[in-house]
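Below, chain A is the first sequence line, B the second, and so on; all start at residue 1.
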There are 2 protein chains.
Amino acid sequence: MESQDLRSAGLKVTGPRLKMLELLENTQGRHLTAEAIYRQLLDAGEEIGLATVYRVLTQFEAAGLVTRHHFEGGHAVFELERGPHHDHIVCVHCGRVEEFYDESIEKRQRAIAEKLGFNLRDHTLTLYGECNKPGCKGEKNAR
Amino acid sequence: MESQDLRSAGLKVTGPRLKMLELLENTQGRHLTAEAIYRQLLDAGEEIGLATVYRVLTQFEAAGLVTRHHFEGGHAVFELERGPHHDHIVCVHCGRVEEFYDESIEKRQRAIAEKLGFNLRDHTLTLYGECNKPGCKGEKNAR
DNA sequence: TTGCGCATGATAATCATTCTCATATATGAT
DNA sequence: ATCATATATGAGAATGATTATCATGCGCAA
Ligand SMILES: [Zn+2]
Ligand SMILES: [Zn+2]
Ligand SMILES: [Zn+2]
Ligand SMILES: [Zn+2]
């Protein structure tokens with residue numbers, strides 16, 4: 001039950017929070033923008049304010065429930081924190097996001113931070129490229 | 001001469017552009033925010049508008065003269081594109097930025113992109129941590 | 001030197017995100 | 001179940017970085 005996730009995160013169980021958790025769990029193509037979450041909830045007939053979406057996302061982030069990413073393009077995307085850490089590769093044409101995890105890269109990062117005298121706390125690794133999915137705007141026949 | 005850099009980039013040689021190139025070349029702690037560039041030029045007695053700073057930075061970026069980074073904190077930082085590619089590690093307390101290059105990480109990225117069916121175009125790798133420099137706000141005795 | 005098109009600066013406009021504040025509600029105690 | 005109180009919510013204003021507008025200025029090829 002999502003209620004428990006909220007309680008154990010120290011958050012009151014409220015309608016908006018439950019709806020947002022549900023949506024984050026049931027959404028394909030994780031990595032949603034705040035605006036997208038807002039619109040989808042409105043379309044689903046829910047009553048919610050955009051300010052609440054931002055507020056709750058920030059709370060979820062602080063509680064470790066979601067992660068905020070800053071892919072290029074100015075707007076942040078959020079994803080439910082499920083399972084282990086991973087990094088991302090984003091299609092510069094269609095915006096499709098794939099995830100990956102590479103232990104050797106993670107290991108090198110720790111070594112680099114130590115060598116430079118930093119206590120590593122976090123990192124961002126995002127690859128950008130052109131994907132090969134049919135329908136991607138960047139296909140060679142396009143334009 | 002910076003004039004040549006501008007011409008070979010297909011840009012007219014103008015005062016603001018020359019001043020900005022100079023500043024980018026002569027600035028310690030590369031990785032300047034647009035606002036910082038603007039202020040430093042004003043302080044140096046130059047007459048320039050903030051809009052021009054943003055415009056020129058965008059042109060420099062398009063011409064490959066500078067790189068734009070989005071470290072966390074909302075504002076972009078720019079650095080002169082000199083020499084080979086590198087990635088960054090940023091102190092979460094004092095904002096100090098160090099650069100590094102790791103061939104094995106670069107190599108793994110290419111392999112990952114290929115495996116996932118992406119034509120790799122670019123990437124962002126930024127480590128965040130606490131630095132060990134004296135005077136850093138995050139020193140253990142602080143607070 | 002001239003003319004034209006790009007460049008510039010001041011300012012308004014955007015865009016995403018955050019803040020304000022009056023109202024509504026969850027939750028622990030009664 | 002009822003209350004009391006701290007917290008949550010929604011609408012809209014406010015913010016901060018960046019971009020667009022537009023009248024004027026200037027680089028540069030002819
Ligand atoms: Zn694609
Ligand atoms: Zn992800
Ligand atoms: Zn750098
Ligand atoms: Zn530091």
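- Each end of the helix from C:dT1-D:dA30 to C:dT30-D:dA1 gets its own axis, taken as the rotation carrying the C1' atoms of four end pairs onto the next four within a five-pair window, and the two axes meet at 40° to the nearest 10 degrees.
- Side-chain atoms of A:Glu22 and A:Glu2, non-hydrogen and from C-beta on, do get closer than 4.5 Å to each other.
- Salt bridge A:Glu114/A:Lys107: absent, no basic N to carboxylate O contact under 4.0 Å.
- A donor and an acceptor atom, one from each side chain of B:Arg55 and B:Thr52, are located under 3.5 Å apart.
- The stretch residues 37-47 of chain A comes close to DNA chain D through A:Glu47, each having a heavy atom under 4.0 Å from the strand.
- Side-chain polar atoms of A:His69 and A:Glu79 form a donor-acceptor pair below 3.5 angstrom.
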Practice prompt. Apply the test salt bridge (Lys or Arg N to Asp or Glu O under 4.0 Å) to residues B:Glu98 and B:Arg96: give CA-CA distance (whole Å), side-chain angles for both, the deciding distance (0.1 Å), then the verdict.
Written response: CA-CA 7 Å; B:Glu98 292 291 325; B:Arg96 189 164 67 92; 2.6 Å; yes
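- A heavy atom closer than 4.0 Å to some atom of DNA chain C occurs in no member of residues 60-67 of chain B.
- With values rounded to the nearest 0.5 angstrom, B:Glu46 atom CD is found 13.5 Å from B:Ile37 atom CD1.
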Fill in: Under 4.0 Å protein heavy-atom contact, by nucleotide of nucleotides 19-29 of chain D - B base, S sugar-phosphate only
BBB-----SS-
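- With rounding to the nearest 0.5 angstrom, the CG atom of B:Asp5 is 6.5 Å from the CD atom of B:Glu25.
- For A:Asp122, there are no side-chain hydrogen bond (donor to acceptor under 3.5 Å, both in side chains) partners at least two apart in sequence or on another chain.
- Across the interface with DNA chain D, nearest-nucleotide mapping of A:Val56 and B:His70 shows A:Val56 to be the residue nearer the 5′ end.
- In this structure, A:Glu103 places its CD atom where more than 12 heavy-atom neighbours from other residues, nucleotides or ligands lie under 6.0 Å away.
- The shortest distance between side-chain heavy atoms of B:Thr126 and A:Leu125 does not fall below 4.5 Å.
- Under the rule for a ring-ring contact (aromatic ring centres under 6.0 Å, His included), the partners of B:His86 that lie at least two apart in sequence or sit in another chain are B:His88.
- The nearest whole Å value for the distance from the CG atom in B:Leu57 to the P atom in D:dA17 is 15 Å.
- Here the CG atom belonging to A:Asp87 is positioned 9.0 Å from the OH atom belonging to A:Tyr101, to the nearest 0.5 angstrom.
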